[in-house]
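I have placed the structure first, in the form of structure tokens, so that the comments after it can refer back to it.
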Protein chains: 2
Amino acid sequence: MSTVETKPGMGVLARRTFREQIVEALRGSIISGELAPGTPIVESDMARTFGVSRGPLREALGDLIKEGLLVTIPYTGTHVVDLSLDEVNEIFSLRTELEIFAFRQLWEKRDAAYFEELNRRHDRLLASIAEGDDESSIVDELALHSHVYEACGHSLLLGVWNGMRGKLQLYWAAHHRAHGRRGPLPEGHARYVALAQGTDLDLMISEIRDHMVRGFSRTEAFLRERDQLKQGQ
Amino acid sequence: MSTVETKPGMGVLARRTFREQIVEALRGSIISGELAPGTPIVESDMARTFGVSRGPLREALGDLIKEGLLVTIPYTGTHVVDLSLDEVNEIFSLRTELEIFAFRQLWEKRDAAYFEELNRRHDRLLASIAEGDDESSIVDELALHSHVYEACGHSLLLGVWNGMRGKLQLYWAAHHRAHGRRGPLPEGHARYVALAQGTDLDLMISEIRDHMVRGFSRTEAFLRERDQLKQGQ
DNA sequence: TTGCGGTTGATTGTCAACAATCAGCGATCA
DNA sequence: TGATCGCTGATTGTTGACAATCAACCGCAA
């Protein structure tokens, strides 16, 4: 045995290569709206902006393309993805199934640590809402939902969730920018969190379904409004 | 209106860039077992093999990493992914939910064209099995299952499925190489195809569950056997 | 006016060389 | 004898320049 403690998750100050840093920075810019939907991304310009060569930048773009935040046409150009009603419908419908599946996997394995962390994340979300910090309330809401994916121990499922998480954040952030406030949220997750600590899985499942329908119709209303505005111009 | 018909899926003879060609070739080599699990991939060597520079090759590797067929450690190396029992369990369990969801989405929209194509793919699978061509029977089985994802019109779901399809093929191919024949397959999908054309969705769903359990236990048995062999050495 | 064809500037795809980093090995010293 | 430190070869990360390709523009003819 080594004398040095090597707890899991210890030495994760992992190498931060340019590529990863660029991915994070760009994702942030896209989600924050700094790079609006449809904005063309020119590799050479973007490379200069980051003070880096086109190689790593290209690879970073590749990651974001796979994630669905960017769209590329060979030999022609890359641009920030556009928001579409069909897509947000797909995201919410698939998410419903995935989150139910995650709870099914987790249900019997829930323990004190799980409940503790669940409440911690919920408290953080409530705090952000109370402070009126909309940007971080979006992040906190995603973190709250992420918990079940992390806790259920299904790494493939977690990967799929992480893959769509960015897009979801993009939609919410756009919604938020359009409306200032996203709506009366403080009690939005009370039932969700309460049932997640209860004993009735079927109730939890129907709450997830409701929760997603509510989320979808809010986003849908926002998008329809925006499309009408666009057409009116 | 333009005079030129531009049906969707028409002009998709799209540019074939090196990167895409390499991805396909490498995926083929990995799945066929030519590059066995654990084999280290050295960029410069691989680039020379394909007669191409490291740039495009790196991007191709990036794609396969995202797909889960390769694993990389920064500044250290890349190698072909290893098969694990946990992972195959995850693949089959998630796939069960996704395929049920796909059928739910599709069910009311099924039409003559759907049934026709379904039977066409089933026939092709049966033909491959009859010919004893195990390699293409795997491809055909995947194509048969892919059909519902393509037909249900949920592009996000289709993307997730395509993302795990490669890994699934990898497991089956490994299984096949170990056992010569994958087992008594000809009637393996008869019930599946019949129910998919029926009117009882619940029956279809339970068939999917059974189908996946059968598939998992076959793969599981193979992997346990292999691990014992490895430990015995 | 309208449609067509060539030209051009811009943008991505590709390349070969250079720099940063790592795992393994051997020398060194307690 | 055992562990530690520094070196070394190999491998990935990064760079700037060159080639292939495309969308848009302009002039021209019907």
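Just so you know, these numbers come straight off a predicted model, no measurement behind them. Chain naming here is simple, since letters A, B, ... match the order of the sequence lines and numbering starts at 1 in each.
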Spacing between [X] atom [atom1] and [N] atom [atom2], to the nearest angstrom:
{"X": "B/Phe50", "N": "C/dC15", "atom1": "CZ", "atom2": "C1'", "value": "17 Å"}
{"X": "A/Arg19", "N": "D/dG13", "atom1": "CZ", "atom2": "C1'", "value": "11 Å"}
{"X": "B/Ile73", "N": "D/dT11", "atom1": "CD1", "atom2": "P", "value": "14 Å"}
{"X": "B/Tyr75", "N": "C/dC22", "atom1": "OH", "atom2": "P", "value": "8 Å"}
{"X": "A/Glu43", "N": "D/dT14", "atom1": "CD", "atom2": "P", "value": "16 Å"}
{"X": "A/His79", "N": "D/dA23", "atom1": "NE2", "atom2": "P", "value": "12 Å"}
{"X": "B/Ile22", "N": "C/dG13", "atom1": "CD1", "atom2": "C1'", "value": "12 Å"}

Q: Return the residues of residues 55-70 of chain B meeting this criterion: a heavy atom under 4.0 Å from some atom of DNA chain C. Order them by number, or give none.
A: B/Pro56

Q: Could you say whether A/Arg54 or A/Thr76 is positioned toward the 5' end of DNA chain D, judged by the nucleotide with the nearest heavy atom to each?
A: A/Arg54

Q) Side-chain N or O of B/Ser44 less than 4.0 angstrom from OP1 or OP2 on D/dA10? A) no

Q) Once the angle between the rings of B/Phe92 and B/Trp172 is folded into 0 to 90°, is it parallel (under 30°), tilted (30 to 60°) or perpendicular (over 60°)? A) tilted

(Q) With salt bridge (charged side-chain N to carboxylate O under 4.0 Å, His left out) as the criterion, how do B/Arg121 and B/Asp140 come out once you've worked through the C-alpha distance, each side chain's angles and the decisive distance to 0.1 Å? (A) CA-CA 7 Å; B/Arg121 296 193 189 199; B/Asp140 290 337; over 6 Å; no

Q: Measure from the ring center of B/His154 to the ring center of B/Phe101 and say whether it is less than 6.0 Å.
A: yes

Q) Are B/His147 and B/Tyr114 an aromatic pair by the rule of ring centers under 6.0 Å? A) yes

Q: For atom CD of B/Glu220, decide whether the heavy atoms of other residues, nucleotides or ligands shown that lie under 6.0 angstrom number more than 12.
A: yes

Q.
For a quick test of reading the model, state the closest non-hydrogen atom pair linking B/Arg27 to B/Leu64 and the distance between them.
A. CB-CD2, 4.2 Å

